[in-house]
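The next block holds one structure in the form of structure tokens; read it before the comments.
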2 protein chains.
Amino acid sequence: MTPILKSFAALSDETRLMIVDQLITEGELPAGDLAPGAGISAPAISRHLKVLREAGLVTQRADGTRRLYSARPEGLRMIAEWTQSRRTFWEGSLKRLEAALMEDGA
Amino acid sequence: MTPILKSFAALSDETRLMIVDQLITEGELPAGDLAPGAGISAPAISRHLKVLREAGLVTQRADGTRRLYSARPEGLRMIAEWTQSRRTFWEGSLKRLEAALMEDGA
DNA sequence: CCTTTATTTAACATTTCATTTAATTAACAT
DNA sequence: ATGTTAATTAAATGAAATGTTAAATAAAGG
């Protein structure tokens, strides 16, 4: 599975999107602080965090028995770059198409 | 289901990502031309195209018995904007954090 | 009309994914 | 050592997604 695909898959779940949003807005948080907001059990959150970790969208560090999670900006950057590269190409194509039509029309 | 979630979900499948890429690079194509490259049956492609349509990532127009599909730039733009807004916020947070640490340190 | 071509819908089997409860691991405090 | 808290892993279950073949729909052409 290609990295960009993994990123999209990781963010295609509402719970995981909320987790990432929370980590971005509130900063580093222990796993336990993420469960209540999502309204599901701790094991479920733990699994979601694993998916996000494997997609490179969050990082984990230990602090005693707690696991502190943070958003990982490089993960978001990958998505931004993928999207941007496509948009750029697409808009370039449009310009070429326009030019071709102008020639035909003239 | 929120629009951005639908977009991510639509692009979390390898076949659909390939379809979008192909439409972006090659321009408008009939449904039938997308199946061979993906190595799956026409009905399967048709379903993927439906998902992409409902996510606003492609558009369809009729031409006789054929259905011509194109990538839809607004769809990509939504993803770009979502990602960018998070990155911006995140980087802003980093700056504020740095500033706070500097104050403490001084 | 009847046939052909392009695509979609239906029905069904299979796989994958998300969640829950129960069990396990790890750190810490008494 | 023992118990407690935080988190993850395991096992089981139900729901959703994906693919296939067969049937339905729709436009075009003889």
Side-chain angles (χ1 to χ4, degrees), chain A residues 1-23 26-72, chain B residues 1-23 26-72:
Chain A
M1 205 187 200
T2 160
I4 186 66
L5 222 112
K6 207 165 219 171
S7 297
F8 282 135
L11 294 177
S12 71
D13 177 276
E14 184 166 13
T15 304
R16 288 194 294 261
L17 201 69
M18 279 171 48
I19 290 175
V20 170
D21 256 343
Q22 197 179 351
L23 290 175
E26 300 179 24
E28 190 177 56
L29 289 173
D33 284 17
L34 294 162
I40 57 178
S41 65
I45 291 288
S46 185
R47 281 185 171 281
H48 284 304
L49 287 169
K50 187 177 181 186
V51 171
L52 289 170
R53 240 183 295 137
E54 288 171 354
L57 288 162
V58 305
T59 50
Q60 185 199 55
R61 79 182 174 89
D63 169 41
T65 72
R66 298 187 312 167
R67 295 291 177 278
L68 300 175
Y69 284 87
S70 313
R72 190 161 164 278
Chain B
M1 204 186 203
T2 161
I4 186 66
L5 225 115
K6 208 165 217 172
S7 296
F8 282 135
L11 294 178
S12 70
D13 176 276
E14 183 167 14
T15 303
R16 289 194 293 261
L17 200 69
M18 278 173 47
I19 289 175
V20 170
D21 256 343
Q22 196 178 351
L23 289 176
E26 300 180 24
E28 191 177 54
L29 287 174
D33 284 18
L34 295 162
I40 57 178
S41 66
I45 291 288
S46 184
R47 296 244 305 260
H48 283 302
L49 287 169
K50 187 179 182 185
V51 172
L52 289 170
R53 240 183 297 139
E54 287 171 355
L57 290 163
V58 305
T59 51
Q60 186 199 53
R61 76 181 176 92
D63 170 40
T65 71
R66 299 186 310 170
R67 294 292 176 279
L68 299 176
Y69 283 87
S70 313
R72 190 162 164 277

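So you know, we letter chains A, B, ... as the sequences are listed, proteins then strands, and number each from 1.
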Self-check item: Which nucleotide in D/dA28, D/dA22, D/dA10 has an atom nearest any side-chain atom of A/Pro43
Solution: D/dA10
Quiz item: Between B/Leu29 (CG) and C/dA6 (C1'), how many Å, whole number?
Solution: 15 Å
Self-check item: Length of the line joining A/Arg61:CZ and C/dA26:P, which is rounded to integer Å
Solution: 20 Å
Quiz prompt | Whole-Å distance separating the CG atom of B/Leu52 from the P atom of D/dA17 | solution = 14 Å
Exercise. Return no unless some side-chain N or O of B/Ser46 is found under 4.0 Å from OP1 or OP2 of C/dT8.
Key: yes
Quiz prompt | Presence of B/Gln60 side-chain N/O under 4.0 Å of C/dT8 phosphate oxygens OP1/OP2 | solution = yes
Practice problem: Mind calculating the distance between CG (A/Asp63) and P (D/dT5) to the nearest angstrom? | Solution: 18 Å
Quiz item: Is the phosphate of C/dT8, meaning OP1 or OP2, less than 4.0 Å from a side-chain N or O of B/Tyr69?
Solution: yes
Quiz prompt | Listed nucleotide nearest any side-chain atom of B/Ile40, set D/dG19, D/dT9, C/dA18 | solution = D/dG19
Quiz item: If you check the A/Arg47 side chain, which of C/dT19, D/dA27, C/dT8 turns out closest?
Solution: C/dT19
Quiz item: How long is the line joining CD1 of B/Ile45 and C1' of D/dA17, in whole Å?
Solution: 15 Å
Practice problem: Measure from CG on A/Leu11 to P on C/dA18 and round the result to the nearest Å. | Solution: 12 Å
Quiz item: How close or far is atom P of C/dA18 from atom CG of B/Leu5, stated in whole angstroms?
Solution: 11 Å
Quiz item: Of all heavy-atom pairs between B/Leu5 and A/Ser12, which one has the smallest distance, and what is that distance?
Solution: CD2-O, 3.6 Å
Quiz item: Heavy-atom distance under 4.5 Å between the side chains of B/Leu49 and B/Arg67, does that happen here?
Solution: no
Quiz prompt | Who pairs with D/dT13 - Watson-Crick or G-U, where each distance is under 3.5 Å | solution = C/dA18
Quiz item: Any donor-acceptor pair under 3.5 Å linking the side chain of B/Arg16 with the backbone of B/Ala10?
Solution: yes
Exercise. Identify, between A/Ala42 and A/Thr65, the residue whose nearest nucleotide on DNA chain C lies closer to the 5' end.
Key: A/Ala42
Quiz prompt | Listed nucleotide nearest any side-chain atom of B/Arg67, set C/dA6, C/dT8, D/dG19 | solution = C/dT8
Quiz item: Within the structure, does a side-chain N or O atom of A/His48 lie under 4.0 Å from either OP1 or OP2 of C/dT19?
Solution: yes
Quiz item: Looking at A/Ser41, does any N or O in its side chain come under 4.0 Å of the phosphate oxygens OP1/OP2 on C/dT20?
Solution: yes
Quiz item: When rounded to the nearest 0.5 angstrom, what distance separates CD in A/Glu26 from CG in A/Leu34?
Solution: 8.5 Å
Practice problem: Please say which of A/Arg53, A/Gln22, A/Arg61 ends up in a side-chain hydrogen bond (donor to acceptor under 3.5 Å, both in side chains) with A/Tyr69. | Solution: A/Arg53
Practice problem: Check whether any side-chain N or O of A/Arg72 sits under 3.5 Å from a backbone N or O of A/Gly56 as a donor-acceptor pair, and report yes or no. | Solution: yes
Quiz item: Taking NZ from A/Lys6 and P from C/dC17, how many angstroms apart are they, rounded to a whole number?
Solution: 11 Å
Quiz item: Side chain of A/Ala44: nearest nucleotide among C/dT20, C/dT9, D/dT18?
Solution: C/dT20
Quiz item: Closer than 4.0 Å, any side-chain N/O of B/Arg66 to the OP1 or OP2 of D/dA28?
Solution: no
